[in-house]
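Working notes for the structure below.
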Amino acid sequence: MSIWVCGEVLIDLLPGKNGGERIPVVGGGPANTAKALARLGHDVEFIDGISNDNYGKSARQELLRDGVKLTHALASDKPTALAIVSVDDHGSASYEFKIEGTATFDFDPSWLPDPYRFKPTLLHIGTLATVIEPGSLFLYGWARNVAEFAPIVFDPNVRPAVLPDRDRYVAAVEKWVAISTVVKVSDDDLAWLYPCHEAIAVAKRWIEEGVAIVVITRGAAGLAAVNHNEIIEVGGVKVDVIDTVGAGDSIGAVIVEAMVEYGVLNLHGQTLKTVLDCAALAAAITCSRAGAQPPAKSELRAALEKRA
């Protein structure tokens, strides 16, 4: 059995040097998570529509090169979705998306893999694929079937530029939270979704409603995890930031790895704190590079040993 990661692979058009021509880089939160898990040595199947255009070919080649399997991906003649990335003086990224009519969000029951047949170990899902209709509606019904066999990790990775209607976005997020075992979400996402509520309070509510663990990412300030009995916080790892693209996805991969290795019920106390420390380090390594380039298992292990 393998880990399933479902959602978009698209092309990030990064700013060129000194305002020059933009640089195309394979991106998309779910694709970044799949790459990060594969680099950590896991058997990963990525599920999305991948275009046959040049951008799609680049995406397919990069995912395969990192060891991500594409057995359940759809080959499509529709174009690849694009994310035009801007980076501020602090290295934080913002996005403008071109997604209409693309292969990237062409989810449909006719090609989504049968969970009853393949029985995945875990499903990681999120970002725009869970809010852009009609594909998101098909994905939700499909994911509910997956949940009969495997835990679901949901990362909303909120993009208001695509869906500025806060009420609709909140409704979509809450729907996915309701079928999830673990939610990984940034403090910025929570601040936009629930501007009148503290992040920890939202996490506690989700726990009361059935989620086992909520991991809140805080950028340079580190991470917090909330479960039924505790709140565990770890600081960030200092690093010279090139950009933050893919940092949260590297964190998500480490969380998924821990779920597979330890089991959700065993992620508490010192074990959970150790996982969060590892996730913060993986994010820092990713931030030290341009684009979403998560660390390999050997690299992360060496960095952990150096800090010990």
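The pair K273-D277 counts as a salt bridge, with a side-chain nitrogen and a carboxylate oxygen less than 4.0 angstrom apart. For the pair R218 and D187, the salt-bridge criterion is not met [side-chain N within less than 4.0 Å of a carboxylate O]. Look at E174 and R205 and you find a salt bridge, because one of the NZ, NE, NH1 or NH2 atoms lies within 4.0 Å of a carboxylate O, short of that distance. Using a 4.0 Å cut-off between charged nitrogen and carboxylate oxygen, K297 and E257 count as a salt-bridge pair.
Between the side chain of K184 and the backbone N or O of G248 there is at least one donor-acceptor pair closer than 3.5 Å. T271 contributes no side-chain N or O that, together with a main-chain N or O of L267, makes up a donor-acceptor pair within less than 3.5 Å. A donor-acceptor distance shorter than 3.5 angstrom exists from the side chain of T80 to the backbone of G56, with no hydrogens or angles considered. Counting only distance, with no hydrogens or angles, the side chain of S51 and the backbone of K78 share a donor-acceptor pair below 3.5 Å. When atom types are taken as modelled, the side chain of D53 and the backbone of Y55 share a donor-acceptor pair closer than 3.5 angstrom. Judged by distance alone, with hydrogens and angles left aside, the side-chain atoms of D66 form no donor-acceptor pair with the main-chain N or O of V68 at under 3.5 Å. With hydrogens and angles ignored, the 3.5 Å screen pairs a side-chain donor or acceptor of E8 with a backbone N or O of L128. Looking only at distances, no side-chain donor or acceptor of R39 sits under 3.5 Å from a matching main-chain atom of P295.
In this structure R60 satisfies the side-chain hydrogen bond (donor to acceptor under 3.5 Å, both in side chains) test with no other residue, sequence neighbours excluded.
Here the side chains of I125 and I152 are in contact, with some heavy-atom distance below 4.5 Å. In this structure, the side chains of W176 and L139 come closer than 4.5 Å at one or more pairs of heavy atoms. Within the 4.5 Å cutoff, the side chain of F118 has no heavy atoms near those of the E45 side chain. Side chains of Y194 and D189 form no contact here, defined as non-hydrogen atoms less than 4.5 Å apart. For the pair V182/V211, no side-chain contact is recorded, criterion being any heavy-atom separation below 4.5 Å from C-beta on. At a threshold of 4.5 Å between non-hydrogen side-chain atoms, the residues D48 and F105 do not count as touching. A heavy-atom distance below 4.5 Å is not found between the side chains of I23 and L13. Taking the side chain as every heavy atom from C-beta outward, F154 and T127 never approach each other to under 4.5 Å.
Through chains of ILVMFWY side-chain contacts below 4.5 Å, F149 is grouped with Y116.
Taking every heavy atom of both residues into account, A59 and V9 meet most closely at CB-CG2, 3.8 Å. Across all their heavy atoms, G126 and P30 have their closest contact at O-CG, 3.7 Å. Minimum heavy-atom separation, N32 to G27: OD1-CA, 3.7 Å. Listed here is the closest heavy atom pair of T121 and A150: O-CB, 3.5 Å. Taking all atoms of both residues into account, the shortest heavy-atom contact from N157 to G29 is ND2-CA, 4.1 Å. Here the shortest heavy-atom pairing between A199 and I216 reads O-CD1, 3.9 Å.
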Exercise for the section: Apply the test side-chain contact (heavy atoms from CB on, under 4.5 Å) to residues V26 and D12: give CA-CA distance (whole Å), side-chain angles for both, the deciding distance (0.1 Å), then the verdict. Expected result: CA-CA 6 Å; V26 177; D12 290 333; over 6 Å; no
Practice task
Apply side-chain hydrogen bond (donor to acceptor under 3.5 Å, both in side chains) to T286 and S250, showing your working.
Solution key: CA-CA 7 Å; T286 306; S250 294; 2.7 Å; yes
Problem - Working for side-chain contact (heavy atoms from CB on, under 4.5 Å), residues H228 and E208 - result: CA-CA 8 Å; H228 286 282; E208 291 172 356; over 6 Å; no
Practice task
Could you check S180 against V153 for side-chain contact (heavy atoms from CB on, under 4.5 Å), going step by step and ending with a plain yes or no?
Solution key: CA-CA 6 Å; S180 298; V153 179; over 6 Å; no
Practice task
Could you go through the side-chain contact (heavy atoms from CB on, under 4.5 Å) check for L300 and I285 one step at a time?
Solution key: CA-CA 8 Å; L300 183 56; I285 293 171; 4.2 Å; yes
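Here the CD-OG distance, from Q293 to S288, works out to 10.5 Å after rounding to the nearest 0.5 Å. In this structure, the separation between CG on L82 and OG1 on T102 is 8.5 Å, given to the nearest 0.5 Å. Atoms OG1 and CD1, on T104 and I50 in that order, are 8.5 Å from each other to the nearest 0.5 Å. For the atom pair D43 CG and S2 OG, the distance stands at 5.0 Å (nearest 0.5 Å). To the nearest 0.5 Å, atom CG of residue L190 and atom CD of residue E198 are 10.5 Å apart. Note that the OG1 atom of T33 and the CD1 atom of I3 stand 11.0 Å from one another [nearest 0.5 Å].
Counting heavy-atom neighbours within 6.0 Å of R166 CZ, excluding the residue itself, gives a total above 12. In the displayed structure, D165 atom CG is contacted under 6.0 Å by more than 12 heavy atoms of other residues, nucleotides or ligands.
Note: the hydrophobic cluster containing V202 also contains I231 (ILVMFWY, side chain heavy atoms under 4.5 Å, direct or indirect links). Residues W142 and F138 do not share a hydrophobic cluster, defined by chaining ILVMFWY side chains whose heavy atoms lie under 4.5 Å apart. When the side chains of ILVMFWY residues are joined at heavy-atom separations under 4.5 Å, either directly or via intervening members, L137 and V173 end up in two distinct hydrophobic clusters.
A side-chain donor-acceptor contact under 3.5 Å links Q270 and T274.
Between H72 and W4, the distance separating the two ring centers is shorter than 6.0 angstrom.
Checked against I255 for a side-chain contact (heavy atoms from CB on, under 4.5 Å), the options V215, I213, D155, L223 give a single hit: V215.
Relative to the six-membered ring of Y140, K175 meets both conditions, a distance below 6.0 Å and an angle of at most 45° to the axis.
Ring pair F107/W111 is parallel by interplanar angle, where below 30° counts as parallel and above 60° as perpendicular.
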